[in-house]
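Here's the structure we're looking at; comments come further down.
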Protein chains: 2
Amino acid sequence: MELTNRKKRILRAVVEIYIATAEPVGSKAVAQQAGLDISSATIRNEMADLTEMGYLEQPHTSAGRVPSTMGYRLYVNELMGEHRLTMQETQRINDALNLKMEELDRVIDRAGKVLSQISDYPVFTAAAPKKRVTVKRYDLLMVEENAFIAVVMTDNSVVKNKLLRMPDQVSDPQLQMLSTVLNSSFVGLTLEEMEDALDQMETRSAPGAFRLISLVVQFAMEVLNEQASQNVHTLGITHLLEHPEYKNLDKAKPLMNYLAEENEASKLPVTLENGQNMNILIGPENVNEALKDTSVVMASYDIGDNMRGVIGVVGPTRMDYAKVTARLSYFADSLTRMFGKGELPPGDAGEDGSEKD
Amino acid sequence: MELTNRKKRILRAVVEIYIATAEPVGSKAVAQQAGLDISSATIRNEMADLTEMGYLEQPHTSAGRVPSTMGYRLYVNELMGEHRLTMQETQRINDALNLKMEELDRVIDRAGKVLSQISDYPVFTAAAPKKRVTVKRYDLLMVEENAFIAVVMTDNSVVKNKLLRMPDQVSDPQLQMLSTVLNSSFVGLTLEEMEDALDQMETRSAPGAFRLISLVVQFAMEVLNEQASQNVHTLGITHLLEHPEYKNLDKAKPLMNYLAEENEASKLPVTLENGQNMNILIGPENVNEALKDTSVVMASYDIGDNMRGVIGVVGPTRMDYAKVTARLSYFADSLTRMFGKGELPPGDAGEDGSEKD
DNA sequence: ATTAGCACTCATTCTCCCTGAGTGCTAAAT
DNA sequence: ATTTAGCACTCAGGGAGAATGAGTGCTAAT
């Protein structure tokens with residue numbers, strides 16, 4: 001059987017009505033809104049064909065039709081219209097992003113929150129881990145005789161600090177020395193290399209000096225570790241409850257728990273095929289059991305020259321794909337514009353590389 | 001009518017059975033478990049009395065009894081038995097807290113998560129704002145010719161840094177100068193005082209120098225602002241869904257939204273009367289509308305010498321108060337032991353005052 | 001003072017029936 | 001050869017009663 005143009009238009013109408021109403025769609029409803037001047041009987045025939053072809057499904061004999069995964073897929077790939085953002089929405093997004101140049105993760109968090117609000121679905125964000133982060137430089141600042149601040153800057157311009165406290169006293173010259181050693185021997189190394197370097201140092205250093213060094217290096221290693229780990233956050237989980245498919249708590253609970261558990265959420269499909277910067281996974285296309293009846297729309301954005309972040313929306317398969325993709329891609333573009341290219345973004349108050357996590 | 005000892009024992013039994021079952025409690029059930037050898041008829045009489053006195057309520061004529069707010073109050077104040085933590089539980093708590101000496105807010109976050117898990121209720125945490133935080137010292141670290149790192153340390157030992165970027169070039173001596181100015185004129189001031197000082201400086205400084213100063217001071221002000229703001233987090237909201245009172249979504253939604261919205265949550269009753277370090281608010285004792293049918297159990301813990309944090313559990317009025325208070329007070333004590341007294345906690349890797357928020 | 005017994009109440013559950021949206025098929029109309 | 005009107009049929013969802021049973025309050029006996 002051939003998928004005529006008219007069939008496509010009908011399929012599109014079914015998907016859109018279903019997205020709007022969450023109820024199986026009958027032939028009459030399609031006849032009214034599809035815009036094609038055709039009687040419901042004809043549409044019934046066409047819909048029967050579409051069902052046979054696998055694009056539609058029937059929950060039970062006397063009910064309307066519901067798009068199948070295949071139907072959604074076709075809709076997303078070919079039929080979906082461009083959705084325009086209203087002025088109000090772009091305004092809202094821009095407000096959220098421009099508010100103030102803050103730390104990267106805060107901006108993303110806020111972006112996620114706004115995205116979740118305007119889309120009414122939960123949102124997850126993930127900064128794709130950077131493979132080889134290294135420390136670019138160390139600074140040590142004396143505070144009291146037995147405490148100092150270690151400032152560590154990585155090659156992706158993240159700066160972190162920690163107040164370190166010692167049992168023994170430390171003098172200013174000692175700190176100078178320490179700083180020299182760190183900046184010569186523990187710079188440009190990956191996490192593993194640092195570990196090795198530290199081990200080696202242990203054997204051929206005075207124990208006192210080594211304690212100091214190891215204190216700072218350990219902190220540096222924590223920082224690198226943090227940078228290397230996939231850090232997935234989910235926001236706005238409660239939006240799920242607003243959608244009829246989750247009015248049954250037994251449906252909602254597993255998914256909510258899945259999203260709420262951070263370690264679980266980290267299994268979200270936060271990777272994108274090479275080159276792709278937008279991806280839609282529909283229902284069973286998700287590998288994970290908990291996401292069986294759930295669609296995930298995600299987009300990537302650039303951070304600096306060689307990092308990528310992923311931001312995505314999670315919702316029922318009956319999700320307003322057009323709306324969501326429009327918003328999502330606008331977000332991703334905006335974020336890329338903010339963080340992509342050139343080490344760090346411009347901004348009145350300068351930039352902040354700290355506390356990225 | 002007098003509240004005899006027997007009446008109290010019956011009330012206690014009713015509360016505990018109701019806590020366990022979430023169903024109105026009948027005389028028969030009480031007779032079985034109360035341990036007093038008394039027939040259900042007698043208990044019926046006593047329960048009738050308790051109802052008249054206001055400690056119990058009857059949802060409808062032919063239903064069992066449910067504790068009233070007054071009943072819970074009495075239970076919590078007088079009748080509630082000590083609940084012992086199992087070895088396993090203390091172990092779990094200790095694991096969570098001792099894992100590694102990290103930043104304060106992470107430890108608290110983790111503590112909250114575990115508390116939420118072992119109590120099955122949402123948890124909120126709040127570091128009570130410190131009134132007068134001031135900057136103790138500034139450090140500036142040159143990075144490139146048009147970028148430097150500002151490190152700000154407050155008098156409550158919080159250290160924050162930010163990478164600042166400039167349109168103009170800055171020289172090392174210039175930075176030195178800047179640092180001197182900052183450390184002499186912008187130290188020991190509160191947020192408002194700093195604003196004033198900055199205004200004054202503007203009139204009588206060279207514009208170029210002022211831009212630099214204002215950049216750093218603005219950052220310092222952000223840090224102070226962050227310290228001064230009540231920062232409430234909520235964790236484990238989804239646990240609500242596990243309790244029968246929220247199986248009706250219309251009940252669950254407002255509360256979940258209330259807890260999820262951070263600005264809303266900040267209105268949580270996170271204050272404790274002077275001297276108190278544990279407080280229970282039962283149902284209507286909560287001022288807030290959204291918490292009308294909800295109880296809040298909270299405890300405070302010390303951070304350093306002059307800060308207090310609050311950690312609390314939110315749940316239905318039918319909440320296992322004994323269990324929750326036991327866990328909560330153990331947590332609060334542990335946290336106090338970790339962070340209380342003496343500026344910062346001991347720990348193998350030293351301590352961290354950074355990123356406290 | 002306590003308890004057994006009994007009539008009564010009422011939320012909950014189940015059953016059965018009805019309604020109406022929607023279908024598929026057939027026959028007429030274009 | 002399509003398209004459409006008409007009609008019989010299906011079946012989920014909803015509402016009305018009836019049955020159930022947990023629980024009560026009261027009375028009379030212990």
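To find a chain, count down the sequence lines: A is the first, B the second, and so on, and within it residues start at 1. Computed from a predicted model, the values in this text were never measured in an experiment. Just the heavy atoms: all of them, side chains too, but no hydrogens, waters or symmetry mates, feed the values below.
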- Message: For B/His60 and B/Arg44, find the nucleotide of DNA chain C closest to each by heavy atoms; which residue's nucleotide sits nearer the 5' end?
- Response: B/Arg44
- Message: Ignoring hydrogens and geometry beyond distance, is a side-chain donor-acceptor pair present between A/Ser295 and A/Tyr321 at under 3.5 Å?
- Response: yes
- Query: Would you say the side chains of B/Glu16 and B/Tyr75 form a donor-acceptor pair under 3.5 Å?
  - Reply: yes
- Hey, does B/Ala41 reach any base, or is it just sugar-phosphate, or nothing, if we go heavy atoms under 4.0 Å? base
- Might you work through the ring pair (Phe, Tyr, Trp, His ring centres under 6.0 Å) test for B/Tyr121 and B/His243, ending with a clear yes or no? CA-CA 9 Å; B/Tyr121 298 112; B/His243 301 282; 4.5 Å; yes
- Note on the structure: chain A vs DNA chain D, heavy-atom contacts under 4.0 Å, first-to-last nucleotide span, 5' to 3', is D/dT3 to D/dA12
- Once you round it to whole Å, what is the distance between C1' of C/dA4 and NZ of B/Lys28? 13 Å
- Query: For B/Ile43 and C/dA4, what is the distance between atoms CD1 and C1' respectively, to the nearest whole Å?
  - Reply: 15 Å
- Message: Less than 4.0 angstrom between a side-chain N/O of B/Ser39 and OP1 or OP2 of C/dT3, yes or no?
- Response: yes
- When rounded to whole Å, the CD to P distance for the pair B/Glu46 and C/dT3 reads 11 Å
- Query: Between C/dC10 and B/Thr61, is there an OP1 or OP2 to side-chain N/O distance shorter than 4.0 Å?
  - Reply: yes
- Task: Give one of base, sugar-phosphate or nothing for B/Ser40, where a contact means two heavy atoms less than 4.0 Å apart.
- Result: nothing
- Report the residue (B/Pro59 or B/Asn45) whose heavy-atom-nearest nucleotide on DNA chain C is the more 5′ of the two. B/Asn45
- Task: Side-chain contact test, heavy atoms from C-beta onward, threshold under 4.5 Å: evaluate it for A/His233 versus A/Val123 and give yes or no.
- Result: no
- Task: Step through the shown structure and confirm whether more than 12 heavy atoms of other residues, nucleotides or ligands are within 6.0 Å of NZ on B/Lys251.
- Result: no
- Please report the C-alpha distance between A/Arg65 and A/Glu57 in whole Å, then the side-chain angles of each, then the deciding distance to 0.1 Å, and finally whether the salt bridge (charged side-chain N to carboxylate O under 4.0 Å, His left out) criterion is met. CA-CA 5 Å; A/Arg65 302 304 210 287; A/Glu57 281 168 357; over 6 Å; no
- Using whole Å, report how far CD of A/Glu23 lies from P of C/dG20. 17 Å
